[in-house]
Every structure is written in C-alpha cells, then in structure tokens.
Amino acid sequence: MQREDDFKIRRKNIKDLSDEKLKERFWDLANKVVEPMIEMAKEYTSPSIERSVLLRMSFNSLQAKAIVNKCLELDILGKGAGHIVLRLAKEENIPYKEAGEKLASGELIEKVKRIFKIKA
Amino acid sequence: MSEIKNVNECRGKMDKNIKKYVLKTNEKIDVLKILNDLDKYKPRRKGWTWRKKLPKGTLVGPFTYNQISENLENSQPLPAAHYFKNIDPQPDCIITSEIASGRFEDDIRRFRMAAYHGADHIMVIRTTGQSHFDGLIEGTPEGVGGVPITRKQVRASRKALDLIENEVGRPINFHSYVSGVAGPEIAVLFNEEGVNGAHQDPQYNILYRGINMFRSYVDAAEAKKIMANAKMLQIDGAHNANATAKEAWKVMPELLVQHSINCAFSIKAGMPQNLIALSTVPPTSAPAPCIKIDLPYAVALRDFFEDFIFRAQMNTRYMESCTREVTVSHTLNALISRLTSAHLQSTITPDEGRNVPWHYNSIHGVNTAKQSLIALDDIKELIEIKDEGILKEKVREIKERAILFLEEILKVGGYFEAVEKGFFVDSGCYPERANDGIIRYKEGGVAAGTIIRRDKDYFAPVCCHFGYNNLSLAQEITGKKIVDKDIEKESEDIEKGKKIKESKNMGEINNKVCDLIDGCTLCVHGKISYIDELDEIDNVNVRLKENKEYRLGRKVKPEVQWAGDGVIVLSMFLPTGERTSHFASLEIARNLGLKETEVIHKQIMHPAEGTYVEVKGVVPFSIDLEEVRMPEIIPNLEPEYVEKIVREKNLKVVAATVGEDEHSVGMREILDIKNKGIEKFGFKCYYLGTSIPIEKVIDAAIEVDAKIILISTIITHGEIHRINMRRLNQLAIEKGIRDKVILIAGGTQIKDKMAKEEGMDTGFGRGTKGIDVASFIIRKITE
C-alpha cells in the first residue's frame, strides 16, 4: 500500500496529550500488540522447544533430535517429549535416560503407541 | 554459580578449572591447551557483568575524568598516550568487538587483541545459514562470515576468554545469537556454557531470515525465559531495519515500534528490564546533516525506554570502502552516545564495507570507540541538549508517529496481520507508506506449520520452561514432589482446568521443577552431555596441522584473518583516471608477485589528475623466522656509571635546532632534567634555541670548549636535514675541531645510517630518550 504522509491529520487525537500520557499510551498499545503472541506461546510448543527440554534432561543434541522426530512421526509431541520419555521409563521401569536413548534408536516404539493409545 | 564481582574472584575458580594455564603477555595463546580437557570445563560464572565505574573526578595521569571505569592491568593505550604518561583510561560503558573469522581458533586470538585494546564484550558472529539449521551443530567445522555455534566452539571460546580476562584484569562478556529455528536449544546451550549475552528478537527471524512468524514467537518465549535464568543480557534486532530500509532515516517511528514489541514481549516472557537492551543505531551519515536527524531520534528513544539498557551500535547502512569516511561516521555515532546515553558502545570494523572484517580493523573499531568516548568525557557538563525548539518538536513527532503505527497494527488485526500487509521496513516515514516493506505470510516461511498445540496432559520436567505445564501429572508419573509453592498452585490450577494467565511463577525464574528428574542441566552442570567432533575432516585438529608452522612461530606470513592467510594491502596513488588506475594497480600488484589480487578501495583525487587505490593480494612466500636479520640491540649504560664519567670529565654539550626550524620540543626532551634528559647525569648544557645557523653552533662549541654537539633538524623539505648535517661536519673540519667533538643529529625523520652518511657520529629518531643519547656519548668517549 502506498500512502502520502497524512501525519498532521492522524495525530489529532494524540497531539494534545502530555509527554507522560503519550508514553503511557505507547506502552499500553505495545502491550496490547504482544498479548496474543504471548498467549500463543503459552499454549503451543515446537520441535525446538521439545529438543531444548530433552537437552535440559541431559540428552545430547543427536538424541534430542531423534526422540523429537519419533514423537512427530507418532503425532504425540503435544504431550511433551519429556513427558513421553518419563512415562515410557515408568512403564518399562527403567531410568529415563535409558528410555530416551532406546526411543532415539528406534526401540520401544510399539510400547509408546500402546501407552498413548495410538492407532495403527 | 555466583555472580562475578571482580576478576580476582574469578581467578581462584579459574585455577581449578583449567589447571593453572596462565597467559603470558609475551607468549601466544595455545589453542591445544584450550582444547585440552574441554569436556570437563565448567564456566566460572553465568550472567552479564558491567564495568566498575570510578567516582567523578578520578585522577588518571595528569587528568581528571568523570565517565571512566577501572583501569586494566595489561592493555595497549591509544597511540598518542606516550605524550600523556602512557595512560589508558577506560570509558564507563562496555565496548563491543564483533568477531567473524569463521574459525574459532583464529577468533580467540582476535578476542585477545580486542580485549587488550579495551573491548569487554566479545560478540561472535554465526556462520551464514545457521538460522535455518533445525537443531544444534556439533564439533568445530569452519564457517562463512562467522563460526558455526556449537557446544565445543562456545566452550573453547569461553575458556579462552577466562584466560584473557585474567590477563587484562577485567571480566569479559561473551555474546552470540539466539535466533533461527533452533532458538530454545541455543538458549539452553548458552545458559549451560556461561555465554553472557545474546541477540534474541523474533522480529529478526521473521523479517530477515524468512522464518515462520508463529514458530518464531512460540520459540522466543521459551528462549527468553532460559536466557533470563542465566541473567544473560538480551539485545534486540531492531537496528536491522536501519541497515535494510532504502532510506534508513525514514524508519525511525518503526524502530520505536520494533523495540517496543520485543521489550513488551520479553517482559511477559520473564525477562527483567535491566537485562533487555535496545540495539540502536544513529540512522544517517554525512553528507546528510546527520546529527540534526540522529540526535532527536536518540532522545525520543531514551525518553520512551528510559528503564531499559541501551546498546549503541555504529552505522553500517552507509558504509563504503573508505575506512577514513567510516571512522568519521563512527566517531559521530559515539558523539550521539555521549550526548544521550549508552550502556554498551558497540563497534563496527571500518573495513566492513569492503571485505569480511580483518582483525586489525576490528581493533581500529574498538579504538575509535575508546578514543571518542574518552575524548568526550563528561561532555554534558559543558553543553546541554536544548529542551525547546526544533529538537523538542522532532522528538515529539517521532513519538507520535510511532504511536500511530502501533494503533494501526491493532486496527488491522494485530502484529501478524501487519506483517502480512508489509508494515515493516517500509521506507516511508510512517504514516507515509512507500509500499516497499518486507511481506511475510502466516502460513509461509521456513518451519511453517511446525508449532503444536499443547495437550491437556502436556508437561516438561525442567526449569525455565515457559507456558502451560501440567506439573501435577508430572509429579504423579515421577512420584516426586515439587516444593515450590507457586508451582504447586499453578499445577493445581491446571488440574482444575483454570486458564493460567498471569501466574506469578510464569514470569519468574525458578530452579525447582527439575526436582522431578533430580536436576536439569541448567542447575547441575555435570549432567550436560558433551559431544566432541562429528566430522573427521572439517574440524580444528585438521586445520591446526595445516598451518602449524605459522601458529608455532617458526615461519611468518602476513595475515588479516587466519593464521598464514598471507594477505597484504598495497596503497598507491596513480596519476591516471579511475578505470585505468583500477587495472594498472592490479598489474603493479601482480608484477610484485602477489596472488589473488583485488582492488578493495579506490577514490578519485581528480578525474584527470589521479586516483588513490588500495589493492589486496596474497604473498606467495613465507619468511623463516630464524633467518630474519635484526640489528643488535646495544643496551644503555647504567645511569650511575654515566654520571660518574660525565662528572670526571666535566662534559659540556652545545645544542640547538638548526636552520630555519622552530621545533624545540624534541631537543628539550633530550636535554631537560625534568624530562629525564641528559642534564640529570651532570652534562653542562648550552642550549642555543631554535633556527640557529650552523656556524653559530660551531662557534659556541669552540667558545665553551664543548666535547659534544647536538643538533635537532626536523624539517626535511628539499633534504634540508641532510644538508644541515653535512654542513655541520664540514664546518667542524674547516675549524679544525672535528676530531675533538662528537656530532649528533636528532629529529623525527633522522636515522642512524643516514646521519653517519652525512658525517655525524650518530643519529637519533623518534622516541629517543636522554639515556640513549648519554649512553652513546659515554661509550664514544671511553672507547
């Protein structure tokens, strides 16, 4: 969109605001703009977030990538990669590191499917 | 890990960490020692460190300063410092050096040089393309325009900086980028490895890296919370609009908007204001009347964002290949910093407009900042920015335009819609629109469609996780309890199906959730899984073997970027037009034997009379250091011995600046007792003054029976310095005293060999001290 500079017309609602009020308005607007983005961030996750969770759980980057890819294939990343690893460890009664490593190398896929009731 | 208070506190921790490897200022940093035991290395601290400011009126050498910080223990002062007792006062604000060699083993040498000149914020640029790499890279592969950011490179770099901060005596902040499609993972890596600051701004991902906007914001909240936990300083990406827009000075209202979006989002993601830095650049350069445009913008920004941190960057938008022009622009940028404020003064290498930054140019950039900031010490005590007239009007106008911009974002449905409509990086001065903004689509871009809604039973059992987290289920599965009350409350709320909106815990830092897994890597460093190398060919060990002889100092080649790269620059004036000069200069370089020649700068002096050209090329040979011939250094005599002989022999000196030459400073330095001149050894000095005829000098020597004649001859026009020396010798012969007197000439252009050619006993050049001259005289007299 091309538009001439109509600043003088547009400013009529703010031109009489004091400097303090102007600043307040600026920050009110900025906070309103980011509100939907922050809400979205609370409700969604991503492959990178889930890999970062697995890194914090002491998996290396190659294992983290493999585990997240498996979760994506099974369409269960919305449960959280850390959740899946811990749940698998509990069901198998093994340490979670071992559970994650097995999942990364393609083992226990059927078990995961059963736990999270994935068809086919 | 505790916060650092000073460098001595670190040193204790350091010894345990790296087995007492101490850098010696006369030795090269040893990359192999850095790489040794890297898998066991733990960073000595996390978080950002500011300089320790000194009180107003602090005396450094002969001057008082109001805006300085603690001196370094080892540093290289500005070139003119030797006139001022070699002082090297350090400005109060952090100084950044950007490092982009592409090989970390060369980066670390540049860290050391930059720190030695006063940089304490080392910003390592990432390799091209890493933003689109979905995951972490490992090992030490070579990069383009920067290094691939990997755990090993980050760890080795931080370890090297620990050594370097010990050498210079000031903590150094290490910085890189938390952007791209692997932001949260890189944030974890940086938190774990003690990286102190990072760029993080989802707008950068969207606009300049073409990454999907939803993915960028979802990832950003997580990354920011992880960064906040380590008290890393965040720098935003708004300055890129300056560097991209066709008419950079018109995007000022938008810049305020971009800063506000990242600031507001960061706070909501859990970052405290004092860790959020605005990356701001004076948008214009001469021949625009830049101060008149840049100053109101800088004031408007500081008004609206007064509680945030200001990272003042230098202008890159209008950089051409002339390093002189760039240096002037950057000096004016530092003037804006001092007239307003800056917590960090970042630097741009003056050669960035013509090639990848070369290391000595990085150092020039650091010195441009240091020199300007120190020169402008407390400028606001002398002049003040007017609070009326055109400046105030302009400030108000920029602010109002920014508010109108935000209003229209909301009016069109929000940020994402505004990006789709090309609101950003439009070169119209908002509300003017030029219709040349960057357009990105919600469903488009790299990693589009990759965000996933969290299920009701979603959880992540680690610290610093942002957003919905069903921790009551996590506790049930692990059978472990989290003790933190806020987390419990949040967890209960989730169970009851309450929407977590403004939970106290959401924005705060906690280290408790990981009790579920007996500690996460952010809390227990030992739990990190370290990968060394994945590529057998593309790694540091292979590169170190290739250029071993240059690293160990057996052979030498010039270099600008990497050890042994062989690059040099020829500067020349050719009395021909631009095009002819271009090709003639390449012929000259090739005839000199240079390879890979390239013109990197040319400037017309006059279309017909000539052109200045700089040509780079690669030297096709190396020098064996054992074969380098250097004149023997003759040590000076002990002052006591000199004094004994002078008094025994009652030595007299006649001294003068000869010819039509009014320079007196050099000679006074050599003579005066207060300048540690030769008077202090007991010489009786007869100083005749300036513009003294040679005849008068000889007559005076005969009259007072002086054994020594010192002449100073600075002017060299028409070889007058040589003529003066020759005349002095001839006249001494004619008067029959030549074998009874020692003739010494001095001056900035005088060399010993040249002086001897003209009949002097010796000659002294720039930097000569009284003891040098006295030692020569005594040796001559007693030989």
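Here is the naming used below: chain letters follow the sequence lines, and residue numbers restart at 1 for every chain. Just the heavy atoms: all of them, side chains too, but no hydrogens, waters or symmetry mates, feed the values below.
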Point to revise | Closest approach of A:Leu55 to B:Glu192 (non-hydrogen atoms, all atoms of both residues) | key: O-OE2, 4.2 Å
**Study point:** Under-4.0 Å salt bridge between A:Arg56 and B:Glu222
**Key:** yes
Revision key, fill the gap. Residue set satisfying salt bridge (charged side-chain N to carboxylate O under 4.0 Å, His left out) with A:Arg10, at least two apart, ordered chain then number -> A:Asp6, B:Glu408
Check your understanding: Can a salt bridge be assigned to the pair A:Arg3 and B:Glu432 using a cut-off of 4.0 Å between side-chain N and carboxylate O?
Key -> no
**Study point:** Pi-cation contact, A:Tyr44 with B:Arg454 (under 6.0 Å, within 45°)
**Key:** no
Study note, to complete from the structure: Closest non-hydrogen contact found for B:Ala221 with A:Ala41 is CB-CB, 3.5 Å
**Study point:** B:Thr478 and A:Tyr96: CA distance, side-chain angles, deciding distance, side-chain contact (heavy atoms from CB on, under 4.5 Å) verdict
**Key:** CA-CA 10 Å; B:Thr478 57; A:Tyr96 80 79; over 6 Å; no
Exercise for review: Given side-chain contact (heavy atoms from CB on, under 4.5 Å), test A:Thr45 with B:Ile451 step by step and report yes or no.
Suggested key: CA-CA 6 Å; A:Thr45 187; B:Ile451 60 164; over 6 Å; no
Exercise for review: Determine the option with the most heavy-atom pairs under 4.5 angstrom with chain B, choosing from A:Leu54, A:Leu22, A:Val85, A:Asn31.
Suggested key: A:Leu22
**Study point:** Residue A:Gln2 versus chain B: region with a heavy atom under 4.5 Å
**Key:** both
Review point. What option among B:Ile517, B:Ile226, B:Ile137 has the most heavy-atom pairs under 4.5 Å with chain A?
Key: B:Ile517
**Study point:** A:Lys21 atom NZ, neighbour heavy-atom count above 12 within 6.0 Å
**Key:** no
Check your understanding: Is there side-chain contact between A:Phe59 and B:Thr521, with heavy atoms separated by less than 4.5 Å?
Key -> no
Check your understanding: Any idea which heavy atoms bring A:Lys90 and B:Ile477 closest together, and the distance?
Key -> CD-O, 3.2 Å
Practice item. Quick one: pull up CD1 in B:Ile452 and CD1 in A:Ile49 and give me the separation to the nearest 0.5 Å. Key: 9.5 Å
**Study point:** Verdict with supporting geometry, B:Val188 and A:Arg51, side-chain contact (heavy atoms from CB on, under 4.5 Å)
**Key:** CA-CA 10 Å; B:Val188 166; A:Arg51 288 193 299 259; over 6 Å; no
Review point. Between the side chain of A:Ser61 and the main-chain N/O of B:Leu136, is any donor-acceptor distance below 3.5 Å?
Key: no
Review point. So how far is it from A:Leu17 CG to B:Lys399 NZ, rounded to the nearest 0.5 Å?
Key: 12.0 Å
Exercise for review: Give a yes or no on whether the backbone of B:Ala460 and the side-chain of A:His83 come within a donor-acceptor separation of less than 3.5 Å.
Suggested key: no
Point to revise | Close side-chain approach of A:Phe7 and B:Leu404, heavy atoms under 4.5 Å | key: yes
Revision key, fill the gap. So CG of A:Leu62 and OG of B:Ser529: to nearest 0.5 Å the spacing works out to 10.0 Å
Review point. Does the side chain of A:Ser48 come under 3.5 Å of the side chain of B:Glu185 through a donor N or O and an acceptor N or O?
Key: yes
Practice item. On the 0 to 90° scale, with breaks at 30° and 60°, tag the B:Phe304-A:Phe26 ring pair as parallel, tilted or perpendicular. Key: parallel
Exercise for review: Examine A:Lys65 relative to B:Phe133 and say whether NZ or CZ is less than 6.0 Å from the centre of the six-membered ring and inside a 45° cone about the ring axis.
Suggested key: yes
Review point. For B:Glu397, does its backbone N or O pair with a side-chain atom of A:Arg11 as donor and acceptor, under 3.5 Å?
Key: no
Practice item. Over 60° means perpendicular and under 30° means parallel, so classify the ring planes of A:Trp27 and B:Phe305, tilted if in between. Key: perpendicular
**Study point:** Cationic N near anionic O, under 4.0 Å, B:Glu306 to A:Lys23
**Key:** yes
Point to revise | Passing candidate, salt bridge (Lys or Arg N to Asp or Glu O under 4.0 Å) with A:Asp5, options B:Arg433, B:Arg401, B:Lys250 | key: B:Arg401
Exercise for review: For A:Met37 and B:Ile261, run side-chain contact (heavy atoms from CB on, under 4.5 Å): C-alpha distance rounded to whole Å, both residues' side-chain angles, the deciding distance at 0.1 Å, then the answer.
Suggested key: CA-CA 10 Å; A:Met37 283 109 93; B:Ile261 289 173; 4.1 Å; yes
Check your understanding: Which value, rounded to the nearest 0.5 Å, describes the distance between A:Lys15 atom NZ and B:Glu400 atom CD?
Key -> 9.5 Å
Exercise for review: Could you grab the distance from atom CG of A:Leu72 to atom OG1 of B:Thr450, nearest 0.5 Å is fine?
Suggested key: 9.0 Å
Review point. To the nearest 0.5 Å, how far apart are CD1 in A:Ile84 and OH in B:Tyr458?
Key: 9.5 Å
Point to revise | Region of A:Ile76 that comes under 4.5 Å of a non-hydrogen atom in chain B | key: neither
Practice item. Could you tell me which portion of A:Asp19 (side chain, backbone, both or neither) has an atom closer than 4.5 angstrom to a non-hydrogen atom of chain B? Key: both
